[in-house]
> 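Provided herewith is a single structure, encoded as structure tokens, for subsequent inquiry.
Just so you know, ligand 1 is whichever comes first in the structure, and atom 1 is the first atom listed for that ligand.
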Amino acid sequence: MSDQLAYLDHAATTPLRPEARAAMLPWLGERFGNPSGAHRVARAARQAVDEARDAVAEVVGCRPGEVVFTGGGTEADNLAVRGVHAARPGPVLCSAVEHEAVLRPVAEVGGSTVPVDARGVIDLEALEARLTADTTLVSVMVANNEVGTVQPVGAVAEVVHRRAPTASVHADAVQATSWLPLPDLLAGIDLVSVSSHKVGGPQGVGALVVRGGTPIRALALGGGQERELRSGTHDVAGIVGFAAALRATLAAQDRTAARVRALRDRLADGLLDAVPGAVETGPGRDERLPGALHVCLPGVESEALLFLLDEAGVCASAASACASGAQQASHVLAAMGVPADRARGALRLTVGWSTTDAEVDHALAAVPAAVARLQGVPA
Ligand code: PLP
């Protein structure tokens with residue numbers, strides 16, 4: 001086991017930012033009110049939640065009253081798909097490369113998927129052809145969690161509103177929030193999912209933005225919190241930490257993105273040089289999230305490679321992690337038309353706000369060595 005660690009799995013989760021930790025600590029100690037109450041301790045908690053709401057609204061570009069706090073990105077996606085379908089039953093569409101948190105509820109309500117091209121970009125003509133006057137919801141992610149492809153969500157909204165004027169458009173911005181100017185991208189989008197732990201906030205907190213006038217029904221019934229859309233006592237510490245992480249992210253977004261992009265490019269160039277036959281997956285680097293690198297490596301199986309990398313102190317992944325930790329065949333690569341034999345050697349390395357040059361150096365030494373060992377090439 002190597003003592004050196006290169007954490008290159010920021011798309012799975014990114015470390016808690018110090019600003020988030022500092023903001024949370026009082027709410028894990030002397031501050032503790034239930035925001036739904038009426039007395040001063042409760043009112044202080046409500047004020048903290050409302051200030052956090054302002055931060056989410058600023059990052060997404062919506063009104064604070066449109067923010068519904070949830071228990072993470074998965075819950076936000078489920079509320080969007082199942083909640084809109086419950087309010088207005090009808091055909092639902094999503095791209096073929098959505099996260100399971102969208103794909104599975106879409107399948108549950110009888111919806112279907114729209115194909116993507118070899119870069120992972122949604123086929124707008126196919127989308128247009130499938131829209132009908134009674135389509136109720138179209139869900140397309142802002143950026144993909146496996147390969148980092150950025151989707152033309154503005155063009156999606158334009159097509160949907162033209163062909164199916166009563167349909168709502170949902171965008172899963174969970175992976176994009178750290179990197180892209182959401183207010184510019186999300187004009188015309190009715191529902192937006194965001195998640196705290198992908199921006200350096202705590203795990204288990206997120207939000208669904210529901211623009212005024214969007215038909216939607218709650219999934220969890222109870223005390224009527226969050227404008228009746230998400231009952232349950234707020235996770236005040238989590239929400240406050242989420243907001244602090246968002247503010248820290250926004251304050252240095254361009255600078256962090258440029259630094260992360262340079263690290264990602266150095267990692268990509270180094271790996272492509274060192275591993276003959278390695279192929280970078282997805283669109284050109286400028287059309288991807290700055291931290292996203294996905295490669296297919298010849299003559300290796302992802303699972304064996306990840307095992308060796310873990311021993312060498314490189315934390316990476318292949319397809320998105322599922323609850324068992326096992327690797328599943330990637331529906332994203334399949335939808336992009338990546339041949340199955342190439343997809344077997346998939347490796348996702350994602351760079352984030354805390355990544356250092358030393359981590360990239362370590363990965364550049366460890367990955368080619370692990371690949372050579374699996375290929376049976378003498379060192
Ligand atoms: N959507 C996307 C694109 C994701 O990458 C993830 C997490 O990997 C989720 C949704 C789920 O978010 P959470 O982990 O907060 O439930």
> Only pairs at least two apart or in different chains count here, so list each ring pair (Phe, Tyr, Trp, His ring centres under 6.0 Å) that has a residue in residues 153-183.
none
> Against Glu280, only a single residue in Arg342, Arg285, Arg119, Arg348 fulfils salt bridge (charged side-chain N to carboxylate O under 4.0 Å, His left out); can you say which?
Arg285
> Any idea which atoms of ligand 1 are less than 4.0 Å away from a heavy-atom of Thr74?
11 (C), 12 (O), 13 (P), 16 (O)
> Going by the atom numbers of ligand 1, which of them fall below 4.0 Å from some non-hydrogen atom of Gln175?
3 (C), 4 (C), 5 (O)
> Taking 4.0 angstrom as the limit and counting only heavy atoms of Gly72, give me the atoms of ligand 1 inside it, by number and element.
15 (O)
> Could you check His85 against Thr136 for side chain to side chain donor-acceptor pair (under 3.5 Å), going step by step and ending with a plain yes or no?
CA-CA 7 Å; His85 186 263; Thr136 195; over 6 Å; no
> If the cut-off is 4.0 Å to any non-hydrogen atom of Ser195, which atoms of ligand 1 fall inside it?
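Atoms satisfying the 4.0 Å criterion: 13 (P), 15 (O).
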> Which pair of non-hydrogen atoms, one from Ala343 and one from Ser302, has the smallest distance, and what is that distance?
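Closest heavy-atom pair between Ala343 and Ser302: O-OG, 4.2 Å.
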> When you check the side-chain N and O atoms of Asn144 and Thr149, is any donor under 3.5 Å from an acceptor?
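Checked: Asn144/Thr149 side chains show no N/O donor-acceptor pair below 3.5 Å.
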> Counting from 1, what ligand 1 atoms have a heavy atom of His197 closer than 4.0 Å?
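Result: 13 (P), 14 (O), 15 (O).
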> With only distance considered, is Ala143 within less than 3.5 Å of ligand 1 through an N or O on each side?
no
> Could you list the atoms of ligand 1 found under 4.0 angstrom from a heavy atom of Met141?
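Result: 3 (C).
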> Scan side-chain atoms only and decide if Arg88 and Ser168 contain a donor-acceptor pair under the 3.5 Å cut-off.
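Their side chains do not contain a donor-acceptor pair, so the 3.5 Å distance test is not met.
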> Any idea which atoms of ligand 1 are less than 4.0 Å away from a heavy-atom of Asn145?
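This gives 3 (C), 5 (O) as the contact atoms.
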> Does at least one non-hydrogen atom of Lys198 fall below 4.0 angstrom from an atom of ligand 1?
yes
> How would you list, by chain and number, every residue that makes a salt bridge (Lys or Arg N to Asp or Glu O under 4.0 Å) with Arg230, sequence neighbours excluded?
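Here the qualifying residues are Glu75.
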> Could you list the atoms of ligand 1 found under 4.0 angstrom from a heavy atom of Asp77?
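So the atoms of ligand 1 that pass are 1 (N), 10 (C).
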